[in-house]
Amino acid sequence: MSSNIKISHDLNEQQSLAVHNLSGPLLVLAGAGTGKTKVLTNRIANIILQKLARPDEILSVTFTNRAAEEMKLRISDILQTNISFPWVGTFHSISSKILRLHSNIIDLNSNYTILDFDDQLRLVKKIFKEQAVDDRHCAPKMVVKQISYWKDKCLRFDDLSNEYLANKVQITSKKVYKEYQKKLLQLHAVDFGDILLHVIDILKNNDDIAEIYNKKFKYILVDEYQDTNFSQYLWLKLLSVMHQNICCVGDDDQSIYGWRGAEIRNILHFEKDYPKSSVIKLTQNYRSTPHI
C-alpha cells in the first residue's frame, strides 16, 4: 500500500470531521444524499491508514449484501489495493459467522440450516396440527410473523408476560413459540431472528467469548442505524463494551423498517447509551437539485 494514499480531498467540513474523529463513540446524523457511504468508507480507510486497526479488526454492518459489497469495493478503491474485509457485512451474515464458530454452546451443529419464511410456515403448520390449533381464527402466517416480531424485540418464550398477549394471534403464537424453538433445535435449524438471538445469548452468558470479540473489534461502524431493531441494538452494545469506538450513521427523521421492529429510539438515545459520544450532522445534500 503506497504511503502517498490520501483520504478523499473533496470531503466537506462535516464529512471530514466524521472521517477524522476516530476516538470514542460517534453518531453521524445524515439524511439521504448527504454522503453517508462516503463518510463510512473514508473513515474505515483512514483507520487503516492511521494504523489504528487492521481490516480484520474492523466490524462494519449494514442491511443488505449489496451495500456491504459496495462498501468493500469503495474502501479498496480509496486504498488503491484489494484488501479482504472479513467483518464487513450484514447483521445476519456476521452473526451467522460467529454462530457457526460457537454453535456447540447452544447444542446446535455448526452446519445448521437457515429457514426462510416458507420453511417457517411449514413448521408452524405442523405444530398447529399436532396441537389441534384452530387456524380459522389465527392463520399460521400470522403466527410466523408474530414470533419473528418478538425475536426482533429480543423476546423469548419465557419473556412473554400477559402484556404481550393482547389478542388471539399473540395468545396462539405464544402457545406455538415454545414448541417451535424446540423443533428448530431438533432440526439443527435457525430462523433469521435466531441468528442474532443465539449470538446475543452466547455473548451474554460466556464472558470469555465476549472478551474475544470485544478485543478483536477495535472499531465498529453501523450504517442506517435508525433502522436497527432492539436485538441488533443489544448485539452492538455487547460487542462495543471494551473499545467504545462505535460509529453509527443514520437519519433521525426516518425509519423505513418500523413495520418490522425497527426502533427509532436507538438513534435518539445514542448519547444516553454512550455518554462520551460526539454527534456530527451532515446537512449538505448532494443528491437533490437546488430547486428541490
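We use all heavy atoms of the structure for the numbers below, so side chains are in, but hydrogens, waters and symmetry mates are not.
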Query raised in the report: When you measure from the centre of the six-membered ring of Y177, is the NZ or CZ of R156 under 6.0 Å away and within 45° of the axis?
Result: no
Report task. Look only at the side chain of T90 and the backbone of T62, and say whether a donor-acceptor pair between them is shorter than 3.5 Å. Result -> no
Requested in this report: Check for a donor-acceptor pair, side chain of N214 on one end and backbone N or O of L238 on the other, with a separation under 3.5 Å.
Outcome: yes
Report task. Tell me yes or no: between the side chains of Q232 and D227, is some donor less than 3.5 Å from an acceptor? Result -> no
Query raised in the report: Going hydrophobic residue to hydrophobic residue with side-chain gaps under 4.5 angstrom, can you get from I48 over to L73?
Result: no
Query raised in the report: Looking only at atom types and distance, does a side-chain atom of T34 sit under 3.5 Å from a main-chain N or O of G31, one as donor and one as acceptor?
Result: yes
Query raised in the report: Counting distance only, does the side-chain N/O of N245 pair as donor-acceptor with the main-chain N or O of G24 below 3.5 Å?
Result: yes
Report task. Evaluate the criterion salt bridge (charged side-chain N to carboxylate O under 4.0 Å, His left out) for residue pair K204 and D201; output intermediate values, then yes/no. Result -> CA-CA 5 Å; K204 286 179 72 173; D201 285 341; 5.8 Å; no
Requested in this report: Compute both the distance and the angle, then confirm whether K97 meets the cation-pi test with W87: under 6.0 Å from the six-membered ring centre, within 45 degrees of the axis.
Outcome: yes
Query raised in the report: Does any N or O in the side chain of R74 come within less than 3.5 Å of the main-chain N or O of T41, such that one atom is a donor and the other an acceptor?
Result: no
Query raised in the report: Looking only at atom types and distance, does a side-chain atom of Q14 sit under 3.5 Å from a main-chain N or O of T283, one as donor and one as acceptor?
Result: yes
Query raised in the report: Can any side-chain N or O of H92 pair as donor or acceptor with the backbone N or O of F192 at less than 3.5 Å?
Result: yes
Query raised in the report: Do the ring centers of Y219 and H243 come within less than 6.0 Å of each other?
Result: no
Query raised in the report: Using a distance-only test with no angle check, is there a side-chain donor-acceptor pair under 3.5 angstrom linking S231 and D152?
Result: no
Query raised in the report: Can you list the steps and then say if E263 with K153 is a salt bridge (charged side-chain N to carboxylate O under 4.0 Å, His left out)?
Result: CA-CA 9 Å; E263 296 275 1; K153 299 286 186 182; 2.6 Å; yes
Requested in this report: Report yes or no: does N21 contribute a side-chain atom to a donor-acceptor pair with the main-chain N or O of L17 at less than 3.5 Å?
Outcome: no
Query raised in the report: In Å and rounded to the nearest 0.5 Å, what is the CD1 to NZ distance from I147 to K178?
Result: 13.5 Å
Query raised in the report: Rounded to the nearest 0.5 Å, how far apart are OG of S95 and CG of L196?
Result: 4.0 Å
Query raised in the report: Same cluster for L187 and V176 if Ile/Leu/Val/Met/Phe/Trp/Tyr side chains link at under 4.5 Å?
Result: yes
Query raised in the report: From I200 CD1 over to L236 CG, what is the distance, rounded to the nearest 0.5 angstrom?
Result: 9.5 Å
Query - Side-chain donor or acceptor of D119 paired with backbone N/O of D116 under 3.5 Å - result: yes
**Report entry** Under 4.5 Å side-chain linkage, directly or through intermediates, the cluster mates of V169
**Finding:** M142
Query - Within the 6.0 Å centroid threshold, strictly below: Y112 and H198 - result: no
Query raised in the report: Cation-pi between K174 and Y164: NZ/CZ under 6.0 Å from ring centre and within 45° of the ring axis?
Result: no
Report task. Determine, for Y274 and K237, whether the Lys NZ or Arg CZ falls below 6.0 Å from the six-membered ring centre while staying within 45 degrees of the axis. Result -> yes
Report summary line: dist S103:OG -> L108:CG (nearest 0.5 Å) comes out at 5.5 Å
Query raised in the report: Can a salt bridge be assigned to the pair K125 and D135 using a cut-off of 4.0 Å between side-chain N and carboxylate O?
Result: no
Query raised in the report: Just how far is it from atom CZ of F91 to atom CD1 of I195, taken to the nearest 0.5 Å?
Result: 13.0 Å
Query raised in the report: Do Y225 and D251 get their side chains close enough for a donor-acceptor pair, meaning under 3.5 Å?
Result: no
Query raised in the report: Just by modelled atom types, is the N111 backbone N or O under 3.5 Å from a matching donor or acceptor in the N109 side chain?
Result: no
Requested in this report: Please test R66 against E69 for salt bridge (charged side-chain N to carboxylate O under 4.0 Å, His left out), starting from the C-alpha separation and ending with a verdict.
Outcome: CA-CA 5 Å; R66 181 178 177 180; E69 289 306 312; over 6 Å; no
Query raised in the report: Just checking, any donor-acceptor pair under 3.5 angstrom between side chains of E224 and Q226?
Result: yes
Report task. Verify the distance criterion only: is there a donor paired with an acceptor across the side chains of Q170 and K175 at less than 3.5 Å? Result -> no
**Report entry** side-chain contact (heavy atoms from CB on, under 4.5 Å) between F85 and I44, intermediate numbers included
**Finding:** CA-CA 10 Å; F85 291 94; I44 292 173; 4.1 Å; yes
Query raised in the report: If you measure from the Lys or Arg side-chain nitrogens to the Asp or Glu carboxylate oxygens, is any gap between E211 and K216 under 4.0 Å?
Result: no
Requested in this report: Drop me the distance from N82's CG to K72's NZ, to the nearest 0.5 angstrom.
Outcome: 10.5 Å
Requested in this report: Pick out which of L115, V143, L184 makes a side-chain contact (heavy atoms from CB on, under 4.5 Å) with Q120.
Outcome: L115
**Report entry** Q186 CD: over 12 foreign heavy atoms closer than 6.0 Å
**Finding:** yes
